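Structure first, then comments.
Just so it is clear, the model here is predicted, and its values are computed rather than measured.
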Amino acid sequence: MSDVTTDNDVEEAAIVRAAMVRELRDQGAIRSESVAAAFTSVPRHLFTPGEPLKVAYAVDATPIVKTDGNGLTLSSVSAPHLQATMLEAAAIEPGMRVLEVGSGGYNAALLAELVGDNGRVTTVDIDPYIIERAGTFLHEAGYGHVHVVLADAEQDVPMAAPFDRIIVTAGSWDIPPAWIEQLADDGRIVVPLRLKGTTRWIAFDRDSGGGLVSRSYGLCVFVPFQGAGSHIERTVTIDDGVVLRLDDEDLMVDAEALRRALHLPRIERWSGAVFDMPDELALFLLTNAPNMALLYSGQEAVDQELLASSTLKGVPVLLDGDSFAYRAARENDDMSSGYESGVYAHGPAAENVATRYVELLRQWADKYCWRGAASIQYIPKPAIPTAPSAGAVAKRHGTVVVTWP
């Protein structure tokens with residue numbers, strides 16, 4: 001097979017790329033002409049060699065770049081839909097200085113299109129292989145002016161700051177002081193931040209107190225950080241294939257008591273409230289009760305009817321010593337979404353914990369059933385944090401505070 005690129009190849013790629021842009025517009029991921037122009041210009045297939053064009057330009061495709069010895073993904077090219085959404089949230093303008101944390105090449109090329117000839121893009125990664133790969137593809141695609149840096153982004157990026165925008169393309173458990181220090185006074189950080197076991201990209205601007213405050217956010221999935229910024233999530237095994245994931249190191253869990261509760265008959269209680277937008281509902285639940293975690297199960301536990309199928313992908317669970325409750329849903333034509341929210345509960349205190357959970361479901365449906373209802377603030381150390389609450393999430397370098405109006 002020839003390695004020579006023909007005019008037909010270029011034309012076919014342009015056609016598929018244009019179709020991707022139209023689909024991203026239709027989905028609402030692309031809203032501005034500048035982001036549309038960037039996606040129209042950058043040849044994504046050059047950054048995903050070996051992938052068919054239909055995969056390279058699929059709006060939800062995330063081609064894997066590197067895995068470890070156990071098959072765990074260490075690097076991937078993010079899906080166009082997510083990239084477009086985050087770039088729109090960043091509101092990048094010509095002439096800006098932009099730092100990308102976590103390199104792959106393609107997103108850096110999009111950034112280069114957005115900042116134009118008078119702007120500057122610096123892309124940083126901790127992995128020499130990823131940096132070499134990104135630099136090669138950027139050069140081949142005509143973006144050799146992008147500054148490609150091998151470094152742990154937990155630290156400063158010398159000779160490049162301050163940045164008008166910092167775009168993070170790896171899952172971060174915290175926000176290092178260096179990012180805030182390198183951010184221009186009117187700058188913005190868009191970062192996939194781990195909160196209570198789930199990840200959301202958050203567009204942060206500076207606030208008057210020296211911290212950060214959210215302008216928008218959305219659910220996402222990213223490969224986690226490596227290096228000094230990495231974080232091992234706390235897990236507690238309840239039974240075979242049944243695991244709790246917690247973001248709170250101080251939350252006490254009696255695994256044996258919960259295992260006994262799991263094997264007791266469950267009760268179910270229904271809220272009379274709509275079930276919709278499960279990602280927004282999950283954020284509300286996780287940040288409005290101090291003893292919330294995420295409950296995961298394998299298929300075997302579901303097949304044995306120990307737990308409902310919602311636990312396969314993780315569901316907020318309210319813990320109460322030897323009892324627990326988690327969210328459920330059932331069809332209900334009287335609801336706008338066609339589904340009603342409810343609770344499955346196990347253990348000696350099942351009735352009590354179910355009642356508390358149902359009240360949260362009703363509160364969300366009554367007051368916060370829309371996207372973007374929460375405000376997310378980051379308070380860096382040594383600033384005085386807010387009073388302890390279910391919405392305050394302690395991190396290494398500061399505190400994340402989620403509030404609901």
Scan side-chain atoms only and decide if [X] and [Y] contain a donor-acceptor pair under the 3.5 Å cut-off.
| X | Y | answer |
| --- | --- | --- |
| His145 | Asp117 | no |
| Glu280 | Tyr217 | yes |
| Trp179 | Glu181 | no |
| Glu88 | Ser32 | yes |

I would like to know whether Asp207 and Gln377 meet side chain to side chain donor-acceptor pair (under 3.5 Å); could you show each step before the answer?
-> CA-CA 9 Å; Asp207 67 13; Gln377 186 181 13; 3.2 Å; yes
So does [Y] get a backbone contact from the side chain of [X], meaning a donor-acceptor N/O pair under 3.5 Å?
| X | Y | answer |
| --- | --- | --- |
| Thr40 | Ala36 | yes |
| Ser41 | Ala38 | no |
| Glu23 | Ala19 | no |
| Arg133 | Pro128 | no |
| Glu340 | Gly272 | yes |
| Tyr326 | Val343 | no |
| Thr169 | Val101 | yes |
| Ser323 | Ala349 | yes |
| Ser337 | Tyr339 | yes |

Over-ring placement of Arg245 relative to Tyr296, 6.0 Å and 45° cut-offs | yes
Would you kindly check if the NZ (Lys) or CZ (Arg) of Arg266 is within the cone defined by 45 degrees around the ring axis of Tyr344 and under 6.0 Å from the six-membered ring centre?
-> yes
Determine whether [X] and [Y] make a side-chain contact, defined as any pair of heavy atoms from C-beta on separated by less than 4.5 Å.
| X | Y | value |
| --- | --- | --- |
| Lys395 | Trp173 | yes |
| Arg371 | Met277 | yes |
| Tyr106 | Gln83 | yes |
| Val157 | Thr122 | yes |
| Asn291 | Met252 | no |
| Arg327 | Phe275 | yes |
| Lys54 | Val16 | no |
| Leu258 | Val253 | yes |

Considering non-hydrogen atoms only, spot the tightest contact between [X] and [Y] and give its length.
| X | Y | result |
| --- | --- | --- |
| Glu51 | Ala56 | CB-N, 4.4 Å |
| Pro49 | Leu46 | CD-O, 4.0 Å |
| Val242 | Ala301 | CG2-CB, 4.0 Å |
| Val274 | Cys369 | CG1-SG, 4.1 Å |
| Gln27 | Val59 | NE2-CG2, 3.7 Å |
| Ala228 | Asp152 | N-OD2, 3.0 Å |

Assign the ring pair Tyr368 / Trp370 to parallel, tilted or perpendicular, where the plane angle (0 to 90°) is split at 30° and 60°.
-> tilted
Residues two or more places apart in sequence or in another chain: which of them pass salt bridge (Lys or Arg N to Asp or Glu O under 4.0 Å) with Glu256?
-> Arg259, Arg260
Tell me, which pairs form a salt bridge (charged side-chain N to carboxylate O under 4.0 Å, His left out) where one or both residues lie in residues 153-167, sequence neighbours left out?
-> none
Given the rule in the salt bridge (charged side-chain N to carboxylate O under 4.0 Å, His left out) test, do Arg188 and Asp205 qualify, once you have shown the distances and angles that lead to the verdict?
-> CA-CA 5 Å; Arg188 178 172 295 180; Asp205 290 348; 2.7 Å; yes
Close aromatic pair by centroid cut-off 6.0 Å: Trp404 and Phe284 = yes
Any chance the rings of Phe225 and His231 have centres within less than 6.0 Å?
-> no
Can you tell me how far [atom2] of [Y] sits from [atom1] of [X], rounded to the nearest 0.5 angstrom?
| X | Y | atom1 | atom2 | value |
| --- | --- | --- | --- | --- |
| Arg97 | Asn118 | CZ | CG | 12.5 Å |
| Leu110 | Glu100 | CG | CD | 9.0 Å |
| Ile238 | Ser297 | CD1 | OG | 12.0 Å |
| Asp303 | Ser309 | CG | OG | 10.5 Å |
| Arg44 | Leu53 | CZ | CG | 12.0 Å |
| Leu286 | Leu195 | CG | CG | 9.0 Å |

Intermediate values then yes/no, side-chain contact (heavy atoms from CB on, under 4.5 Å), Val168 and Ile166 | CA-CA 6 Å; Val168 184; Ile166 298 176; 4.2 Å; yes
Any chance you could lay out the side-chain contact (heavy atoms from CB on, under 4.5 Å) test for Trp270 and Val358, step after step, and finish with the verdict?
-> CA-CA 7 Å; Trp270 298 96; Val358 164; over 6 Å; no
Using a strict cut-off of less than 4.0 Å between a Lys/Arg side-chain nitrogen and an Asp/Glu carboxylate oxygen, indicate whether [X] and [Y] qualify as a salt bridge.
| X | Y | result |
| --- | --- | --- |
| Glu12 | Arg17 | no |
| Asp279 | Arg200 | no |
| Asp247 | Lys196 | no |

Which of Val236, Leu294, Thr235 passes side chain to side chain contact (heavy atoms under 4.5 Å, CB included) with Leu246? Answer is Val236
What do the steps show when you test Glu300 against Gln304 for side chain to side chain donor-acceptor pair (under 3.5 Å), and what is the final call?
-> CA-CA 6 Å; Glu300 185 175 350; Gln304 294 174 356; 3.2 Å; yes
Side chain to side chain donor-acceptor pair (under 3.5 Å) evaluation trace for Arg362 with Ser271 | CA-CA 6 Å; Arg362 290 171 177 160; Ser271 67; 5.3 Å; no
Going through the checks in order, is the side-chain contact (heavy atoms from CB on, under 4.5 Å) test met by Leu295 and Leu307?
-> CA-CA 10 Å; Leu295 175 64; Leu307 293 166; 4.0 Å; yes
For Asp254, does the CG atom sit with more than 12 other heavy atoms under 6.0 Å from it, leaving out its own atoms?
-> yes
Report, as yes or no, whether the 6.0 Å neighbourhood of atom CD on Glu331 holds more than 12 heavy atoms from other residues, nucleotides or ligands.
-> no
By ring-ring contact (aromatic ring centres under 6.0 Å, His included), which residues pair with Tyr378, not counting sequence neighbours?
-> none
